[in-house]
Amino acid sequence: MKKTQFHPDNLDKYSFFEKVWDVVRLVPPGRVTTYGAIARFLGTGHSARYVGYALNASHQLPDVPAHRVVNRNGLLSGKHHFHGLSMEERLACEGVEVKEDRVVRFKELFWDPSEALQF
DNA sequence: ATAGTGACTGAAC
DNA sequence: GGTTCAGCCACTA
């Protein structure tokens with residue numbers, strides 16, 4: 001692995017990236033979440049920007065549904081970074097309707113990581 | 001070690 | 001209501 005990023009010896013858990021991926025993996029199909037929600041769940045709170053950056057590094061990971069992560073407006077801000085199947089198509093495959101790069105009924109489909117913990 | 005950057009967010013106008 | 005400004009943390013150069 002890398003030196004700074006995946007260094008179990010150095011960190012309790014893995015890097016911030018790993019945590020982000022872990023949370024994203026918890027997002028159920030057909031639901032979406034936001035960068036801010038993930039960041040808040042991780043405790044950093046204001047590092048929402050970096051959540052997306054972490055997802056950028058998760059491209060090689062097939063089990064990280066980065067397409068379920070949108071910004072707080074429900075806008076597919078990171079769709080430009082998807083190669084191959086577009087973000088909206090992946091969402092549409094899960095039953096999430098997307099119109100004009102925006103998740104329809106985003107408020108209803110929104111999934112908060114803390115929800116998973118309560119259950 | 002300093003500076004720059006990013007798939008963002010909340011407050012202010 | 002939308003647009004603008006500034007803060008934000010972790011990583012790379």
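Lettering follows sequence order; numbering is per chain, from 1.
- Among the atoms of the strands shown, base atoms are found under 4.0 Å from some heavy atom of Ala66(A).
- Of the candidates dC8(C), dA7(B), dT9(B), the closest approach to any side-chain atom of Arg49(A) belongs to dC8(C).
- Per the geometry, CG belonging to Leu42(A) stands 10 Å off P belonging to dA10(C), to the nearest Å.
- One N or O donor and one acceptor, one from the side chain of Tyr35(A) and one from the base of dA7(B), sit under 3.5 Å apart.
- In this structure, Leu76(A) places its CG atom 15 Å from P of dA7(B), rounding to the nearest Å.
- Atom CZ of Arg25(A) has more than 12 heavy atoms from other residues, nucleotides or ligands within 6.0 Å.
- The separation between Asn71(A) atom CG and dC8(C) atom P is 21 Å, rounded to whole Å.
- Taking 4.0 angstrom as the limit, Arg72(A) places a side-chain polar atom (N or O) nearer than this to OP1 or OP2 of dG10(B).
- For the pair Asn73(A) CG and dG1(C) P, the interatomic distance rounds to 13 Å; values are reported in whole Å.
- Between the C1' atom of dG2(C) and the CZ atom of Arg102(A) lies a distance of 14 Å, rounded to the nearest Å.
- The Phe16(A) side chain lies nearest to dA10(C) when the options are dA10(C), dA7(B), dC8(C).
- A distance of 9.5 Å separates CZ in Phe17(A) from OG in Ser58(A), rounded to the nearest 0.5 Å.
- Using a 4.0 Å heavy-atom criterion, one finds that Asn56(A) contacts the bases of the nucleic acid, with or without backbone contacts as well.
- Annotation: the span from His80(A) atom NE2 to Asp101(A) atom CG amounts to 11.5 Å, rounded to 0.5 Å.
- Distance check, rounded to the nearest 0.5 Å: OG1 of Thr34(A) to CG of Asn73(A) gives 10.0 Å.
- Without hydrogens or angle criteria, Arg31(A) side chain to Phe110(A) main chain gives a donor-acceptor distance under 3.5 Å.
- Taking atom CZ on Arg40(A) and atom P on dG7(C), their separation rounds to 22 Å, with Å as the unit.
- Leu75(A) places its CG atom 14 Å from the C1' atom of dT9(B), with the value rounded to the nearest Å.
- The interatomic distance linking Phe17(A) (CZ) with dA10(C) (C1') rounds to 7 Å, in whole Å.
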